[in-house]
Amino acid sequence: MLTADPEIIVDDEITLKRFAHNIDKLKYEMILKNHDHLLPWLPWADKYHQFEDMLNFTEDQIKAFEAGTLFGYDIFYHGELAGSIDIHDIAEDYHHCDLGYWLDQDFTGKGIMTRVAAKLTDYAFEHLGMHRVVIKAAPENNASVAVAERIGFEREALLKDEQFLDNRYYDTIVYVKFEEN
């Protein structure tokens with residue numbers, strides 16, 4: 001079974017902390033505030049209709065972290081919650097996983113996600129024994145595409161009409177990065 005650190009220091013400005021109930025209220029309010037910013041790309045943004053939905057989500061994430069099947073982290077920038085990132089779709093036997101992330105609109109443009117995604121990619125290779133890490137993004141999601149490209153992921157495929165979000169179909173670009181030998 002894979003295990004991950006509960007806290008990862010990215011740099012002197014950014015810390016990742018595993019999902020926990022103590023910030024559920026703050027994260028719930030942040031997701032509601034960012035609904036329109038997130039919804040075109042993340043279907044779960046439309047699923048938080050009440051606070052209990054956040055409590056249930058966090059509880060599921062805590063169990064998955066403990067089981068080694070998903071490692072979810074909240075991003076703290078200068079001590080403030082800024083967003084989340086996770087390592088998911090972990091295929092331990094095949095040594096690959098995916099990264100997924102989101103950032104509060106107020107924290108964009110500071111290079112936060114670029115640093116966080118780079119750190120967690122390295123962590124997947126060095127501490128989890130992954131060989132391949134994938135980031136998936138809609139071509140229109142310029143911010144997510146830019147993060148993948150800035151940290152050295154290469155475009156591997158275009159999946160046509162792969163996601164149905166916000167009442168329309170979106171293509172998905174599959175970006176991949178391999179561990180360096």
Side-chain angles (χ1 to χ4, degrees), residues 1-24 26-27 30-31 38 41-42 44 54-104 107-108 110-137 141 143-157 159 172-181:
M1 179 180 85
L2 293 176
T3 60
D5 295 320
E7 182 173 296
I8 298 172
I9 306 298
V10 175
D11 57 32
D12 60 345
E13 295 183 311
I14 304 167
T15 303
L16 306 178
K17 296 180 181 181
R18 72 180 274 186
F19 292 156
H21 285 298
N22 64 328
I23 63 159
D24 277 341
L26 181 60
K27 189 168 15 175
M30 185 178 280
I31 290 169
L38 299 172
W41 321 119
L42 302 168
W44 56 258
M54 176 57 66
L55 294 173
N56 293 335
F57 168 80
T58 302
E59 190 61 32
D60 290 345
Q61 297 297 304
I62 290 169
K63 289 176 184 174
F65 197 104
E66 291 167 354
T69 58
L70 182 147
F71 301 113
Y73 294 93
D74 290 312
I75 302 165
F76 290 88
Y77 178 73
H78 292 286
E80 287 186 73
L81 178 64
S84 297
I85 189 166
D86 66 30
I87 299 173
H88 63 275
D89 291 342
I90 299 170
E92 186 176 359
D93 291 344
Y94 297 104
H95 307 280
H96 64 82
C97 63
D98 289 12
L99 284 186
Y101 46 81
W102 67 274
L103 200 60
D104 181 296
F107 290 91
T108 61
K110 301 177 187 311
I112 295 169
M113 195 54 74
T114 298
R115 291 181 275 166
V116 168
K119 180 71 172 188
L120 214 51
T121 298
D122 290 345
Y123 188 87
F125 293 141
E126 296 166 11
H127 296 280
L128 301 178
M130 296 295 120
H131 173 70
R132 170 188 167 93
V133 177
V134 170
I135 293 174
K136 296 176 182 172
N141 187 346
S144 193
V145 165
V147 167
E149 292 176 352
R150 272 195 296 269
I151 63 175
F153 278 68
E154 295 181 19
R155 183 177 169 155
E156 181 177 67
L159 308 177
T172 299
I173 301 174
V174 177
Y175 285 96
V176 66
K177 188 169 186 177
F178 295 94
E179 72 176 322
E180 296 178 15
N181 295 330

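Please read these numbers as outputs of a predicted model, since none were measured by experiment.
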Mind running side chain to side chain contact (heavy atoms under 4.5 Å, CB included) on D5 and Y123 for me, showing each step along the way? CA-CA 10 Å; D5 295 320; Y123 188 87; 3.1 Å; yes
Compare every heavy atom of R132 with every heavy atom of E156, then report the nearest pair and how far apart it is. OE1-NH2, 2.7 Å
Shortest non-hydrogen contact from A124 to V133? CB-CG2, 3.9 Å
Rounded to the nearest 0.5 Å, the CE atom of M30 sits from the CG atom of D104 at a distance of 4.0 Å
At their closest point, which heavy atom of A117 faces which heavy atom of V147, and how far apart are they? CB-CG1, 3.8 Å
Are any side-chain N or O atoms of K27 and backbone N or O atoms of D74, one a donor and one an acceptor, separated by less than 3.5 Å? no
The test is salt bridge (charged side-chain N to carboxylate O under 4.0 Å, His left out); show your working for K110 and E13 and say whether it passes. CA-CA 11 Å; K110 301 177 187 311; E13 295 183 311; over 6 Å; no
Can a donor-acceptor pair be found, under 3.5 Å and without considering hydrogens, that links the side chain of H127 to the backbone of A4? no
For residues E66 and R18, determine if any side-chain heavy atom of one lies less than 4.5 Å from a side-chain heavy atom of the other. yes
Distance (rounded to the nearest 0.5 Å) between T3 OG1 and L128 CG: 8.0 Å
Could you go step by step and tell me if M130 and L2 meet the side chain to side chain contact (heavy atoms under 4.5 Å, CB included) rule? CA-CA 11 Å; M130 296 295 120; L2 293 176; 3.8 Å; yes
Distance (rounded to the nearest 0.5 Å) between I87 CD1 and T69 OG1: 12.0 Å
Heavy atoms of Y175 and E149 approach each other most closely as OH-OE2, 2.8 Å
Where do M54 and I31 land on the side chain to side chain contact (heavy atoms under 4.5 Å, CB included) test, with the steps shown first? CA-CA 10 Å; M54 176 57 66; I31 290 169; 3.3 Å; yes
What distance do E7 atom CD and F76 atom CZ have between them, rounded to the nearest 0.5 Å? 9.0 Å
Taking the six-membered ring for Trp, are Y73 and F65 parallel (under 30°), tilted (30 to 60°) or perpendicular (over 60°)? perpendicular
Is the shortest heavy-atom distance from the side chain of I75 to the side chain of L16 under 4.5 Å? yes
Fit a plane to each ring of F57 and F19, take the angle between them on a 0 to 90° scale, and name the class: parallel (under 30°), tilted (30 to 60°) or perpendicular (over 60°). tilted
F71 side chain near L120 side chain, heavy-atom distance below 4.5 Å: no
Trace of the side chain to side chain contact (heavy atoms under 4.5 Å, CB included) decision for V116 with Y101: CA-CA 9 Å; V116 168; Y101 46 81; over 6 Å; no
Kindly give the heavy-atom pair with the smallest separation between G72 and D86, and that separation in Å. CA-CB, 3.7 Å
Shortest non-hydrogen contact from A137 toward V145: CB-CG2, 4.1 Å
Once rounded to the nearest 0.5 Å, what's the spacing between atom CD1 of I151 and atom NZ of K119? 13.0 Å
d(L70 CG, Q61 CD) to nearest 0.5 Å is 5.0 Å
Are F125 and E180 packed together at the side-chain level, in the sense that at least one heavy-atom pair is separated by less than 4.5 angstrom? no
